[in-house]
Structures are given as C-alpha cells and as structure tokens.
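Both ligands and their constituent atoms are indexed starting at 1 by order of listing.
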Amino acid sequence: MKAAELKRRYLAFFEKKRHAVIASASLIPEHDPTVLFTTAGMHPLVPFLMGQPHPEGRRLADVQKCIRTGDIDEVGDATHLTFFEMLGNWSLGDYFKKEAISFSFEFLTEELGIPLERLGITVFAGDDDAPRDEESAGIWKSLGIPASRISYRPKKDNWWGPAGATGPCGPDTEMFYWSSGDSAPEAFDPDDARWVEIWNDVFMQYNKKEDATYEPLSQKNVDTGMGVERTAAMLQGKKSIYDTEALARIAAKVRELATLSGEESVKSERVITDHLRAAVFILGDEHRVTPSNLDQGYVLRRFIRRAIRHGHCLGIEGNFTAAVAKDIIDAYREEWPEVGMNEAFILDELQREEARFLQTLQNGLRRFEEMATKDLSGDEAFLLFQSYGFPIEMVVELAKEKGISVDRRGFDHAFALHQERSRVGAEKRFKGGLADASDESRKLHTATHLLNQALRNVLKDDSIRQMGSNITPERLRFDFNFARKLEKAELQAVEDEVNANIARDLPVRVKEMTVEEAKGAGAQGVFEHKYGERVFVYFIGDYSVEICGGPHVSSTQELGRLKIRKEESISAGVRRIKAVLVER
Ligand code: SER
C-alpha cells in the first residue's frame, strides 16, 4: 500500500467512526515558547486536551507535519527521519481505552489486513505516578491478542508527553509489527529490532506541572500517532523508509546528480534526502522561516548546510539544493499545497543559503585542517560555527573522518551562551509552559489581534496578514508580511490606534462558524483551514475579526496600554514586532 493510500484510508476509517478530519497545523508552534517545531499531532491540540472545546467536536483525526531533531545524528540509517508525517486520531473527553484500542485493532487487522500473528503489544507497567495498565491489556486480550504477545514496560517506554516541559501526558499502549519474512516467534520481545513499532495510543489523563508532579486532567483524552513513512515501508515489505514512493524519488534524483560512490554513499544520499525535504517543508510553511543562527532558522541552516556537505561527499558538482528541492516540491505539491504555493520562495532561499555557505566553506575547511592535529575543544567547534557557519553535526563528521573527537558538551555550552546573548532582554523561552493560559498571555493574545488590525489600517495595506505569533507571559511577538521598515511615525500611529481601541473598552466575543462563514464575516487567518471546517471566530467590538483558538480577555479595557519595543526584518518581506503591555 502506497503512503498516499494509507493516509486516505486512515482518514476515511476515522471519518466513518464519526471523527472530524482537521487540517495539519503549521510546523511552527503558535504560542508555545518551549519547543521550536511541532513534534506530534497532539501538539497543536494541547489547549483542547486541557479542556477548551474544539470547534469540530470531540473526535478528531488528521495528518500532521512534524519535525523532530533529537535523532538528527542517526539520519542516514534505514529508519530515522527529521521531518515526517504523522497520522492521528483524538478523543477529547469522549471515548477512552476500550474504543481507542478497538479502533486501532480494527484498522490494523481489517483495513490494513495485518494478520493477528504479526502483532505485539506493549502496555504501561505502572509506578508511583500511575497504576499498571491492566485495563488496556485486558482489552487487547478480549480482542484476541494472546498474553505472550503483551509486554509490560516502564515509564521510559510506555508513557508519552508532555510535548514540552509541562502539559498533558499519560500511559500509552504501543503496537508492533513483525517485519521479518519468517513467522513471528510466539513470545513478543519489543527489544528485538524485527518487531517494529507502528502506532501509539496515548491515554492522556494527567497534566505534568512545573514542579514535575502529575495532576489528573479534567477530561480523559486519547491521543494516537502513526508514522506514515514507517508504516508504509512496513506494509510494502521494505526494510528502509527511503524505499517508499516520495523518498525513493528524491533519493533517485540525488543519485542521478552524484559522480562519486563509496561505502558511505547511501548514508549521504539519505542525509540529503531527509534534510532537504525538511528544509523544503520549513521554508514552505506559512511562517516563512529563513536560515539564520537562531532558533528555527538555525535548525533550517543546519539541514541545508549538512546536505550540501554530503553533496560534496557524493561529488555533486555545482549548486544542487534547488534542483533536488524542485523534485521534492513536485512529489508533494498535491498533498501539501503550501510547498507548491511557496515554490519560488523555497528555491530562492536555498540558492541563497548555498551561495552563502560556499563563500565560507573553503576557508572554514582550511581552518579546520589547521586545528585538526588534535581533538577539538568546544570553543574551537564553536569558532567553526561562528566564523564559517559550520553546523555542529558537520564538525563532528569531519572530525570523525580525521579520527579525532569533538567536545560536544563544550560546544553546547558555548552555543547556549551565544543564544542567550543574542536574545536581547532574555525572553525566558525555557520558562513558560505549553499553551500558557495565564492572565498575562491572555491579554497579550487579545492585544495581538488589535495590533494585526491596526497595522492594516495604518499602513493602508489589506494584504497584511499574520505570518507568525509567539506569546510568553512577558511579551507578544508578531510577524507579518510587509516590504519595508516601518517609519517611526508609523509605529507611533499603530501604537496609538491600538491604545485608542483599548480605551474604547470593546467587548471580545466568540462565535463558532464554518470557514466560509468566517471569510464572509471578513475574518483574518484562514490559511490552514479547509473547506467546511468549523472554527471559532473572535470579534473585538466592530474593530477586529479573526479566526483563533483563544484564549482572550472579555473586554479590551483589561489590557492597559500597548508599547511597541522593537520592529525588525526577519526575512525578505517579513517584519517582526515585539510589544509589551504596561499599566495605563
Ligand atoms: N503523541 C504520541 C506520539 O507522538 C501519539 O500521537 O507518539
């Protein structure tokens, strides 16, 4: 079964089980300062897992774009990816273990036709925080899974979340598939690599707090996740995820450009395939992240530069990232229209980054050769990053080829200092919790809507829209499309207009409607929604209308006074404003 068919069947199956199919959220988490990328389907749903009603109801399913950088060093083998697509279904305080497990069982055995003999199951063994999950084990047994195929595992294996430092989490039950051609052994051993994990049902009934204790959530949720590429590879009897359709097509393009081959060629092909695919999806996201030395931009830069270096290992001549990206875009433009819509931007940014890197690469390599007579200290690795833009993974790989080591912890330390220094006024990114709903964030959230509208009015440009938003309890950060720097007087006028509306004491009201109705009402922010989907629309008096998940204050007078602290460019055509609320 092809990956596209797997996705189609999954969504159709859960639609039949009365789930609303929702659109993938952005790869860049909104309002979550603790994580750089969306790492799982549940991530954008955190407010709803915490109890806020979702406009589409209590049963949801989707395909979510995800990025996980934790395994970046493993990319190059047969099973690791940084960007991947995740299938998921959710119950927001609706069904719980019995139905969730029954749905999973039915989908695997009937829809995908996996024989019972090839399935193994893990469940949570229990500890001081939560009891042994006999309930899930009992449900699996009632469906026909023999006891010898159920393994009880500790928290390290069978507990999921929170996605950031705090938030919803709970015990899970994982489904494994016997991937080898011979028949599966009677006893199930999840540590045997031939048993491949394909699906995870998480029973989210706890909230992890900042003091690392767990409190029961007001509603019991189900969160499931299935990796598309991995499951498709398994269903196709392929040992490597890079042999599934889209990835195989991209890898073939890389092979076509290569002029050298050696022992490490397959690894290089896979690194380029994975990293450029991740880069295309980050650049293709509505937020318009571009390569830089900070945050998401830095991860993007590492993906692109490491891919370029592996291109050189394959003897690829001339600039090549845009040529490979073109194939990636073609492979995905139907399923993910945003990569097609942003094609010119993606190709342009890749070309620019490649040219920038090539300027410093030769000098950097020379400098590296001088240093490489002994193991590299963290400061030396940092210098290669700082002065020549060498991503740490690349320094580590170069060192390995020379048979020397790199003080990775020393590098991380130097890098962390650099990040903190670059972040004027310490935004406390590691402090705030997931989907923070403090009073301060709530106020800043409402202020963001006012700012969005004021920019359109003052700059007399109706095409201005939100390209990104990030809120901590201390400040708001708002990205929008605009071609030039704002004049001082314009910034003042924006601030004045926001404050005038705060002073009008406008009521904030929310209505639930379809995306079409929202568009009809002149609402902002329709990008990632699909036809027919139900959404919440926030009205601030007669001044602002915006699709949004909340939370907001109930009247603008609660906000105090807005102060714009900074206005800057973050990439071509995208500006960023940082602002705070102060007492009136
Ligand atoms: N959040 C869980 C995971 O990522 C299930 O979706 O595995």
Side-chain angles (χ1 to χ4, degrees), residues 6-7 10-11 13-14 17 19 21-22 24-25 27 29 32 34-50 54 59-71 79-92 94-97 99-101 103-105 107-108 120-124 130 133 136 153-177 190 195-208 214 217 219-232 234 241 434-435:
L6 170 65
K7 288 185 258 185
Y10 186 95
L11 297 178
F13 177 85
F14 281 101
K17 305 285 184 198
H19 289 63
V21 173
I22 57 171
S24 174
L27 267 176
D32 178 1
T34 69
V35 203
L36 292 178
F37 293 102
T38 299
T39 56
M42 58 76 73
H43 202 160
L45 296 173
V46 167
F48 312 106
L49 294 162
M50 300 288 285
H54 191 285
R59 294 183 177 207
L60 309 175
D62 75 10
V63 192
Q64 172 66 44
K65 304 181 279 187
C66 300
I67 285 190
R68 291 185 185 176
T69 52
D71 291 333
T79 55
H80 284 91
L81 292 168
T82 53
F83 170 87
F84 64 103
E85 298 170 276
M86 185 186 272
L87 290 163
N89 59 283
W90 292 272
S91 155
L92 305 172
D94 190 51
Y95 58 82
F96 204 46
K97 294 185 181 177
E99 293 87 340
I101 292 176
F103 289 156
S104 293
F105 183 82
F107 184 73
L108 291 177
I121 305 294
T122 59
V123 295
F124 181 54
D133 196 358
S136 293
R153 316 287 289 184
K155 196 180 241 125
K156 139 176 119 37
D157 300 312
N158 278 74
W159 186 276
W160 205 90
T166 56
C169 56
D172 66 35
T173 177
E174 299 182 359
M175 290 144 263
F176 288 68
Y177 173 79
W195 286 104
V196 181
E197 188 217 322
I198 50 172
W199 202 354
N200 184 9
D201 288 358
V202 187
F203 303 116
M204 293 202 151
Q205 54 188 116
Y206 299 98
N207 176 36
K208 186 172 182 183
Y214 298 85
L217 278 177
Q219 68 182 29
K220 289 184 181 173
N221 308 296
V222 175
D223 154 42
T224 93
M226 176 192 273
V228 169
E229 293 85 350
R230 193 192 284 185
T231 307
M234 181 214 69
I241 40 184
L434 262 175

* **Given D201, T173, D133, the one that forms side chain to side chain donor-acceptor pair (under 3.5 Å) with K97** => D133
* **Test salt bridge (charged side-chain N to carboxylate O under 4.0 Å, His left out) applied to K65 - qualifying residues, sequence neighbours left out** => D285, E338
* Aromatic plane relationship, F48 with H54 - under 30° parallel, 30 to 60° tilted, over 60° perpendicular -> perpendicular
* Polar contact flag, side-chain donor to acceptor under 3.5 angstrom, N89-T224 -> yes
* Check: R153 and E174 side chains under 4.5 Å, non-hydrogen atoms -> no
* Asked: Do F103 and F107 make the cut of ring centroids closer than 6.0 angstrom?
  -> no
* To do: Quick one, list the residues around ligand 1 where some non-hydrogen atom comes in under 4.0 Å, by chain and residue number.
  => A40, M42, R68, M86, W160, N200, V202, D223, T224, G225
